[in-house]
Amino acid sequence: MKAVKLIQGIILVTLLGSILSIGIFAQGENDKKTKKERDRIAKSDKTSDSKDVKTDAKDSTNVNADAKNVATVDDDEEAKKVGQYYENYLKEYRLGPNDVISVSVFQQCPDYCISNEVIPPDATISYPLIRDGVFVYQKTVNEVAKEIEKELSEYIINPSVRVTLVKAGSARYSVMGKVNVPGVRIMDRRVSINEAILEAGGISKEGTRKKVFIARINPQGFYGTEEIDLVAIEQGKIPTIFLQPGDQVFVGGKGITLGKILDYVGKFSAARILFGGGIF
């Protein structure tokens, strides 16, 4: 009887040991699976973070590119605005003494064409077939052309006349960019940079005193630029600067590049006609 009980006890202990071993093994397998799952999730998160970083960097690059594009658009618009102002100014330009003009008649050159005619003090130019000449004072080139056409119609069938301004005789300067009243003005006296900006209505809200330049055409026809420390002038730290005939003052602002404006304006013959440097 005792032997039977002993055998039963041994069998019970063996069964309990087997069950415990199976549980430990199962727990170990679960721990391995859990560790693998954690590693997989961590790797996935790391990959996701890397993608997010790349995406953020790409977005940042796109933002910088967009900002650069906006600045370029601002430059182009400002440059076109300056160039167009000069063109419009020439269309309404009123002739006077010392201006230089040329007259051409379609299919009638050289008999009825004149080149680089300097308007004399009495503002009357000599012209073939017009005995008393042509009075041009305070007239636009289109008005003079129509008057010559009227006179020539007595001798030529349907004459087509074109009058062009080659050079503005009076000394001029301009103030363009971020000022309240940009424009071209006659230099009938000595004008300082401060006065020029003041007569242009002062610097606008978009402008800054830290971006003021003078552009000047040299005898070779190229632009030279000088940056002006307007703040130092206003504070009396340095003497003021007086403009020269033909100077173009540019007041800059955010996103405006002087180089872009000068490159664009340089393509307009209007700038050279108004401010010197010949024509191209």
Side-chain angles (χ1 to χ4, degrees), residues 79-176 181-189 215-223 244-248 262-280:
K80 289 179 182 178
K81 190 185 299 182
V82 173
Q84 194 59 51
Y85 186 96
Y86 288 161
E87 290 291 329
N88 292 337
Y89 182 85
L90 276 187
K91 290 179 182 178
E92 301 300 323
Y93 186 87
R94 299 285 168 175
L95 297 172
N98 297 319
D99 287 338
V100 182
I101 63 172
S102 289
V103 181
S104 63
V105 184
F106 183 64
Q107 293 186 340
Q108 299 295 328
C109 291
D111 294 338
Y112 302 107
C113 299
I114 58 176
S115 299
N116 301 324
E117 180 79 7
V118 179
I119 299 175
D122 64 359
T124 301
I125 63 170
S126 299
Y127 192 82
L129 302 180
I130 302 177
R131 188 178 63 179
D132 296 327
V134 182
F135 184 68
V136 301
Y137 183 70
Q138 287 297 295
K139 295 177 182 177
T140 67
V141 290
N142 287 335
E143 290 172 344
V144 174
K146 289 185 180 299
E147 185 172 339
I148 294 175
E149 283 181 351
K150 182 180 178 181
E151 296 288 342
L152 287 182
S153 63
E154 297 182 15
Y155 310 97
I156 300 172
I157 299 174
N158 297 323
S160 178
V161 179
R162 182 184 180 187
V163 178
T164 56
L165 177 67
V166 177
K167 182 180 178 182
S170 301
R172 282 174 169 77
Y173 70 93
S174 71
V175 181
M176 307 300 290
V181 190
V184 179
R185 292 172 174 80
I186 294 177
M187 184 178 285
D188 54 3
R189 57 185 174 80
R216 187 172 295 159
I217 301 178
N218 62 29
Q220 289 72 40
F222 295 100
Y223 277 108
Q244 296 182 16
D247 281 352
Q248 298 173 70
L262 290 181
D263 179 64
Y264 194 88
V265 171
K267 299 173 183 177
F268 284 84
S269 59
R272 295 177 182 267
I273 292 172
L274 290 169
F275 306 112
I279 60 173
F280 53 113

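Start at 1 with the first residue, then count along the sequence.
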Q: State whether the number of non-hydrogen atoms from other residues, nucleotides or ligands found under 6.0 Å of Arg131 atom CZ is greater than 12.
A: no
Q: State, to 0.1 Å, how close Arg162 and Thr164 come at their nearest heavy-atom pair, and which atoms those are.
A: NE-CG2, 3.5 Å
(Q) With rounding to the nearest 0.5 angstrom, report the CZ to CD distance, Arg216 to Gln248. (A) 11.0 Å
Q) Are more than 12 heavy atoms from other residues, nucleotides or ligands located less than 6.0 Å from atom CG of Asp111? A) yes
(Q) Among Val163, Leu165, Val166, Ile114, which residue satisfies the side-chain contact (heavy atoms from CB on, under 4.5 Å) criterion with Ser102? (A) Val166
Q) Quick one: OG on Ser115 to CD1 on Ile101, what's the gap to the nearest 0.5 Å? A) 10.5 Å
Q: Would you give the length of the straight line joining atom CG of Leu152 to atom CD1 of Ile130, rounded to the nearest 0.5 angstrom?
A: 5.5 Å
Q. So do the side chains of Ile119 and Asn98 get within less than 4.5 Å of each other, counting heavy atoms only?
A. no
Q.
If you define the side chain from C-beta out and look only at heavy atoms, does anything of Val134 sit under 4.5 Å from Thr124?
A. no
(Q) Would you say that Tyr137 contacts Leu95 through its side chain, given a criterion of any heavy-atom pair below 4.5 Å between the two side chains? (A) no
(Q) I need the Lys139 NZ to Arg94 CZ distance, nearest 0.5 Å. (A) 10.5 Å
Q | Heavy-atom pair with the smallest gap, counting every atom of Ile156 and Pro159 | A | O-CD, 3.3 Å
Q.
Quick check: closest heavy atoms across Pro97 and Pro121, and the distance to 0.1 Å?
A. CG-O, 3.7 Å
Q) Strictly by modelled atom types, are Tyr89 and Gln84 linked by a side-chain donor-acceptor pair under 3.5 Å? A) no
Q | Other residues, nucleotides, ligands: >12 heavy atoms within 6.0 Å of Phe106 CZ | A | no
Q: Keeping the roles fixed (side chain from Arg172, backbone from Ser170), state whether a donor-acceptor pair exists under 3.5 Å.
A: yes
Q) Do you know the tightest heavy-atom contact between Tyr127 and Val103? A) CE1-CG1, 3.8 Å
Q) Would you say the side chains of Ser174 and Tyr85 form a donor-acceptor pair under 3.5 Å? A) no
**Q.** Of Asn88, Asp99, Thr140, the residue whose pairing with Tyr93 passes side-chain hydrogen bond (donor to acceptor under 3.5 Å, both in side chains)
**A.** Asp99
(Q) Nearest 0.5 Å, please: how far is CG in Leu90 from CG in Leu274? (A) 4.5 Å
Q | Spacing of OG belonging to Ser126 relative to CD belonging to Glu117, to within rounding of 0.5 Å | A | 6.5 Å
Q. Between Pro245 and Ala171, which heavy-atom pair has the shortest distance, and what is it?
A. CB-CB, 3.8 Å
Q.
Aromatic contact between Phe275 and Tyr86, with the criterion being ring centroids under 6.0 Å apart: yes or no?
A. yes
